[in-house]
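In this text, all values refer to a predicted model and were calculated from it rather than measured experimentally. One-based numbering, in listed order, for ligands and for the atoms of each.
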Amino acid sequence: MRVLLIDDEPFVLKLLARQLANLGFEQVVAMEHPHDALAMLESDPGAFDVVFLDLQMPDMDGVEFVRHLVRIQYPGGLVLFSGQDQRILHTVEKLANAHRLHVLGALHKPVNPEKLKKVIETAPPCHERAARKIYAPDELRQAIHNNELFNHYQPQVELGSGRVVGMEALVRWQHPDDGLVYPDQFVGMAEEHGLIDDLTRTVLANALEQARQWHDAGMGLQVAVNVSMDNLVALDFADYVAHEVERAGIPLASIMLEVTESRLMKNPLTPLDILTRLRLKHIGLSIDDFGTGHSSLAQLRDIPFDELKVDRGFVHGAHDYAPLRAIVEASLGMAQHLGMKTVAEGVETQQDWDFLRGTGCDLAQGYFIAKPMPAAAVVDWMPGWESRQPTLIKKKS
Ligand code: C2E
Ligand code: MG
Ligand code: MG
């Protein structure tokens, strides 16, 4: 495990390096100047597995540094530490989390060795970091051609009854050498290199085949498929989807398309045309990652979505953090006023679950319920979930 320490006080650096050495972490680089540390990370964002970041530094504060980590897509773990008020530490932690950085924890100075041990033990092992490789468009093209893409499915359950009502299809790449590769390593690339249509068609075909099997088995599950805004540039997309769903022999309403806008559209009229026609055909439309990027109020105003998914950056931990709670409640309130179904993503703990039950949110999705899994694992997961249901829905929220 390679660790980078950033703090303007040499004494703190020395102490922390010694504490880490006592815990068996020898590959530690200590830097007094955040600009130097940043330059190093810019040239190789994956050079370290964990970065320890002091919040109060004269050249660049921790919040600015976090912003740069987001910009360079730093993939490793982050530990924040500071002698400041706990609440500031907490706020920066939430901020970094909302930015999707992998925050391992926040430590108050002087750092307590026990807490340090706990935090660093949650860091993912090196081999997981090493697997983050950049793939070339041709490799992905070949993978699609060789049927190396398949879907995992993550359950969506009713908060009121605990009933499983849907499954979100999440694409995975079974790479012949690298093992399982996650979508954050290739979906963006597919969008940039004109491969997103092939990718989406593959995911949709697999999802429809699976949906039909569940349908035939009498499990009335709605299957959600992620669609990129870059899919919504060819006017025949709505007809294509409707045709494929009909060909699979399942009701149009049992498919939900989740749309995220990761970048601003040059021509917003074509997506509007396509999305509206999908709705006219009774295919479900969901606004994904609501509250982030461009998944925003203007989208709600302009596009006839029938479901809103609150981004997990707002959901997890909202129960004990007033600003997140306010955002979740406001988002849900808006959706309810618009007659939309609501889904909370990133439900990771019992507290998240209990909090959401009190909000009137319809569906929950997250690790607390189940991690995404191969379709074949769903039947094994189901009885365990059903046995948890009574306690989860009886509990007063
Ligand atoms: P998303 O659509 O918002 O999907 C939810 C992501 O959150 C999934 O990551 C899922 O594994 C993860 N997740 C679920 N529950 C929890 C939780 O409780 N805690 C945390 N921390 N994470 C949770 P995954 O599978 O890595 O997918 C990442 C993103 O990649 C997706 O975000 C989606 O935007 C995109 N994606 C996945 N499959 C496809 C696809 O077939 N087509 C397109 N265009 N995008 C896809
Ligand atoms: Mg999604
Ligand atoms: Mg999402």
Side-chain angles (χ1 to χ4, degrees), residues 75 77 96-104 122 124 128 131-132 140 143-144 148-157 166-173 180-208 210 222-233 237 241 255-263 271 284-295 305 307-318 343-353 356 363-374:
N97 265 319
H99 275 306
R100 301 269 165 90
L101 287 175
H102 188 61
V103 183
L104 304 174
T122 62
E128 281 184 25
R132 285 198 59 91
L140 180 61
I144 296 173
E148 288 166 14
L149 298 193
F150 72 107
N151 298 336
H152 272 178
Y153 294 89
Q154 188 176 35
Q156 301 180 326
V157 305
M167 291 283 171
E168 177 175 1
L170 294 156
V171 66
R172 304 289 182 253
W173 176 0
L180 203 58
V181 182
Y182 287 82
D184 57 333
Q185 276 179 270
F186 58 89
V187 168
M189 182 262 277
E191 288 174 342
E192 276 163 37
H193 292 89
L195 292 169
I196 194 68
D197 271 331
D198 287 345
L199 183 143
T200 302
R201 282 167 192 246
T202 305
V203 174
L204 183 68
N206 292 338
L208 288 174
Q210 189 53 51
Q222 186 175 55
V223 176
V225 172
N226 290 282
V227 161
S228 157
M229 270 287 178
D230 292 286
N231 290 128
L232 306 178
V233 292
F237 186 75
V241 174
I255 291 298
M256 177 70 80
L257 300 181
E258 297 190 2
V259 186
T260 321
E261 195 176 10
S262 50
R263 43 189 155 149
L285 282 190
S286 178
I287 180 165
D288 202 355
D289 304 336
F290 184 74
T292 69
H294 304 285
S295 278
F305 289 107
E307 179 185 275
L308 180 144
K309 293 186 85 170
V310 184
D311 189 72
R312 65 170 190 246
F314 302 113
V315 171
H316 172 57
V343 185
E345 306 184 298
V347 180
E348 290 190 10
T349 61
Q350 174 87 54
Q351 289 100 310
D352 291 341
W353 172 270
L356 287 163
L363 307 183
Q365 181 179 345
Y367 296 167
F368 179 67
I369 300 145
K371 290 201 167 176
M373 60 190 126

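Close approach of ligand 1 to Leu199 is summarised as follows: ligand atoms under 4.0 Å from at least one heavy atom of the residue are 42 (N). Residue-ligand proximity, Asp288 to ligand 1, at heavy-atom distances under 4.0 Å covers atoms 1 (P), 2 (O), 3 (O). Listed by number with element, the atoms of ligand 1 under 4.0 angstrom from any heavy atom of Glu345 are 3 (O). The Val203 neighbourhood of ligand 1 comprises atoms 41 (O), with distances under 4.0 Å to a heavy atom of that residue. Set against the non-hydrogen atoms of Glu348, the atoms of ligand 1 under 4.0 Å away are 17 (C), 18 (O), 19 (N), 20 (C), 21 (N). Contact atoms of ligand 1 toward Gln154: 14 (C), 15 (N) (distance under 4.0 Å to a heavy atom of the residue). Which parts of ligand 1 touch Gly346 is read off a 4.0 Å heavy-atom cut-off, strictly below it: atoms 17 (C), 18 (O). Atoms of ligand 1 lying under 4.0 Å from any heavy atom of Pro372, numbered from 1 in the order shown and given with element: 11 (O).
The residues Lys371 and Glu348 are annotated as not salt-bridged, no charged nitrogen and carboxylate oxygen being separated by less than 4.0 angstrom.
Looking at Asn226 and Met256, their side chains never come closer than 4.5 Å, going by heavy atoms from C-beta outward. Residues Pro372 and Tyr367 meet the side-chain proximity criterion, which asks for heavy atoms closer than 4.5 Å. Lys309 has its side chain out of reach of Asp289: every pair of non-hydrogen atoms, C-beta onward, lies at least 4.5 Å apart. Counting only heavy atoms from C-beta outward, the side chains of Met167 and Gln210 never approach each other to under 4.5 Å.
Taking Asn206 as the reference, Asn151, Thr202 meet the side chain to side chain contact (heavy atoms under 4.5 Å, CB included) condition, with sequence neighbours excluded. With sequence neighbours excluded, the residues forming a side chain to side chain contact (heavy atoms under 4.5 Å, CB included) with Ala96 are Val66, Leu78, Leu101, Val103, listed by chain and number.
Taking any N or O of Ala169, backbone or side chain, none lies under 3.5 Å from an N or O belonging to ligand 1. For ligand 1, one of its N or O atoms has an N or O atom of Tyr367 under 3.5 Å away. Between Asp184 and ligand 1, no N or O atom pair is found at a separation short of 3.5 Å.
Compare His152, Arg172, Met229, Lys371 by their heavy atoms: the one nearest to atom 25 (O) of ligand 1 is in Arg172. When Thr349, Asp230, Asn226, Asn206 are checked for heavy-atom proximity to atom 33 (C) of ligand 1, Asn226 turns out nearest.
Ligand 1 has at least one atom lying under 4.0 Å from a heavy atom of Asp289. Remark: distances from the non-hydrogen atoms of Gln365 to ligand 1 are all 4.0 Å or more. Within the 4.0 Å heavy-atom cutoff, Asn231 does not count among the residues contacting ligand 1. Not a single heavy atom of Thr200 lies less than 4.0 angstrom from ligand 1.
Here the angle centred on the Mg ion (ligand 2), running from OD2 of Asp288 over to OD1 of Asn226, is 90°, rounded to 10°. With the Mg ion (ligand 2) at the apex, Glu258 OE1 and Glu168 OE2 define an angle of roughly 90° (rounded to 10 degrees).
Distance alone, capped at 3.5 Å, is enough to place a donor-acceptor pair between the His193 side chain and the Met189 backbone.
Residues Glu258 and Ser286 have side chains that never bring a donor and an acceptor to within less than 3.5 angstrom of each other. In this structure, a donor-acceptor pair under 3.5 Å is present between the side chains of Gln365 and Gln154.
Note that CG of Leu204 and CZ of Arg201 are 9.0 Å apart. Values are rounded to the nearest 0.5 Å.
Here Leu170 has heavy atoms under 4.0 Å from ligand 1 in both its backbone and its side chain.
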Applying salt bridge (Lys or Arg N to Asp or Glu O under 4.0 Å), run through Arg312 and Asp352 and close with a yes or a no. CA-CA 11 Å; Arg312 65 170 190 246; Asp352 291 341; over 6 Å; no

